[in-house]
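Because only heavy atoms are used, hydrogens play no part in the values below, and waters and symmetry mates are left out as well, while side chains stay in. Labels below follow one simple rule: chain letters A, B, ... track the order of the sequence lines, proteins then strands, and each chain is numbered from 1.
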Number of protein chains: 2
Amino acid sequence: MSELDQVRQAGERLTRQRRAVLQALDTQGGHVTAEQLCDALRGEFPHINTGTVYRILQWLKGHSLVSETDVGIGVKVYERVCNPRHHHLVCLNCHRTIDVDDRYFHPLATALKQDLGFQARIEHFAVFGYCADCARGK
Amino acid sequence: MSELDQVRQAGERLTRQRRAVLQALDTQGGHVTAEQLCDALRGEFPHINTGTVYRILQWLKGHSLVSETDVGIGVKVYERVCNPRHHHLVCLNCHRTIDVDDRYFHPLATALKQDLGFQARIEHFAVFGYCADCARGK
DNA sequence: CTCCTTATTGCAGCAGACTGCAATAAGAGG
DNA sequence: CCTCTTATTGCAGTCTGCTGCAATAAGGAG
Ligand SMILES: [Mn+2]
Ligand SMILES: [Mn+2]
Ligand SMILES: [Zn+2]
Ligand SMILES: [Zn+2]
């Protein structure tokens, strides 16, 4: 929890709810929805609601501790940001979600930084398209 | 409108509403919201509603005629897909939106295709991060 | 041109994500 | 340990985007 201690400098507070959301994300692993997190936290916080969970997720995202991604399932998914980073390829035909290494995205970030001075935060991308199997048929 | 004639093969219909949405996107140019499109079409279709507009936009997106992008303003923006393609860098600090050429993204698509056989549809990306001015201060 | 099939629209309703406000509690200071 | 400030929560309400269903109209056949 050392990453979290830094935030207290700016007057931000490390509440039980925030700790619990992060812990739930670690426990569940992978892609989790706000609704799922809310349900998981109901044991400890019977009165918690999605509004609070979404606010906490935005806050965690702002601190690069959590990523928020549209992987094409109609609901945003959240995942703990941890090294090594990974991204996803989503097939528009068979709806498969394929993991892809960060090394494919790193050159992009480097180029944007070198040429334009833009510090890209590419934490957890989803690239849509057609997977090898489906591209063949099309 | 020759791109549109192709769709009729599959039994899909080229309605006045669909034509009007495409035309409105061409007329307005740049990033447009579904609400703005709906308002623009009210002159010709007094009873049109956002449900229909969103459905048409999904259909156009499916045919790669329109892109749908989250550029961080809380509402999705739609834009006519036309060559040469472009993308955007969005600053998380000053909220500026910078245009960026497709050549930065083309190597990514090529690598995904060559290594993984994945045919990426990178039509109109938004990359979040910190612009040159804001990255300096941080 | 008219008829027929069925894809699409209009409408109403719903789910996901966000926000204002009063009540609560983190945590700094004494 | 107690007090005080104010950031955060819980709650209710709002907005964006999507969906089911009956009515409408595109466009192929005759
Ligand atoms: Mn992931
Ligand atoms: Mn654009
Ligand atoms: Zn596929
Ligand atoms: Zn900036």
Is it the case that D:dT19 (base atoms only) and B:Arg55 (side chain only) share a donor and an acceptor within less than 3.5 Å, ignoring hydrogens and angles? no

Taking atom [atom2] of [N] as reference, at what distance in whole Å does atom [atom1] of [X] sit?
X	N	atom1	atom2	value
B:Ile56	D:dG17	CD1	C1'	15 Å
B:Glu68	D:dT16	CD	P	15 Å
A:Ile73	D:dG17	CD1	C1'	16 Å

Ignoring hydrogens and angles, state whether a donor on the side chain of A:His124 or A:His87 is under 3.5 Å from an acceptor on the partner side chain. no

Give a yes-or-no answer on whether the side chains of B:Ser64 and B:Glu123 include a donor-acceptor pair shorter than 3.5 Å. yes

Salt-bridged, B:Arg16 to B:Glu44, with N to O below 4.0 Å? yes

With a 4.0 Å cut-off on N to O distance, would you call A:Arg96 and A:Asp133 a salt bridge? yes

Which residue, A:Glu12 or A:Tyr54, contacts DNA chain C at a nucleotide closer to its 5' end, judged by nearest heavy atom? A:Tyr54

Heavy-atom nearest nucleotide on DNA chain C for A:Asn49 versus A:Glu35: which residue maps closer to 5'? A:Glu35

Verify ring-ring contact (aromatic ring centres under 6.0 Å, His included) between A:Phe125 and A:Phe105, making sure each step is shown before the conclusion. CA-CA 9 Å; A:Phe125 261 41; A:Phe105 295 82; 5.7 Å; yes

Using a heavy-atom cut-off of 4.0 Å to chain A, what are the terminal contacting nucleotides of DNA chain C, in 5' to 3' order? C:dG16 to C:dG27

Could you check whether atom NE2 of A:His63 has more than 12 heavy atoms from other residues, nucleotides or ligands sitting under 6.0 Å from it? yes

With side-chain hydrogen bond (donor to acceptor under 3.5 Å, both in side chains) as the criterion, how do B:His86 and B:Glu79 come out once you've worked through the C-alpha distance, each side chain's angles and the decisive distance to 0.1 Å? CA-CA 11 Å; B:His86 72 277; B:Glu79 183 171 20; 3.2 Å; yes

What's A:Thr15 touching, base or sugar-phosphate or nothing? Going by heavy atoms closer than 4.0 Å. sugar-phosphate

Residue list, salt bridge (charged side-chain N to carboxylate O under 4.0 Å, His left out) with B:Arg80, at least two apart or on another chain: B:Glu3, B:Asp26

Which is more 5' along DNA chain D, the nucleotide nearest B:Gly51 or the one nearest B:Gly74? Just name the residue. B:Gly74

Overall bend of the helix from C:dC1-D:dG30 to C:dG30-D:dC1 (five pairs an end, 10° steps) is 40°

A:Val21 versus A:Leu57, closest heavy-atom pair with distance: CG1-CD2, 4.0 Å

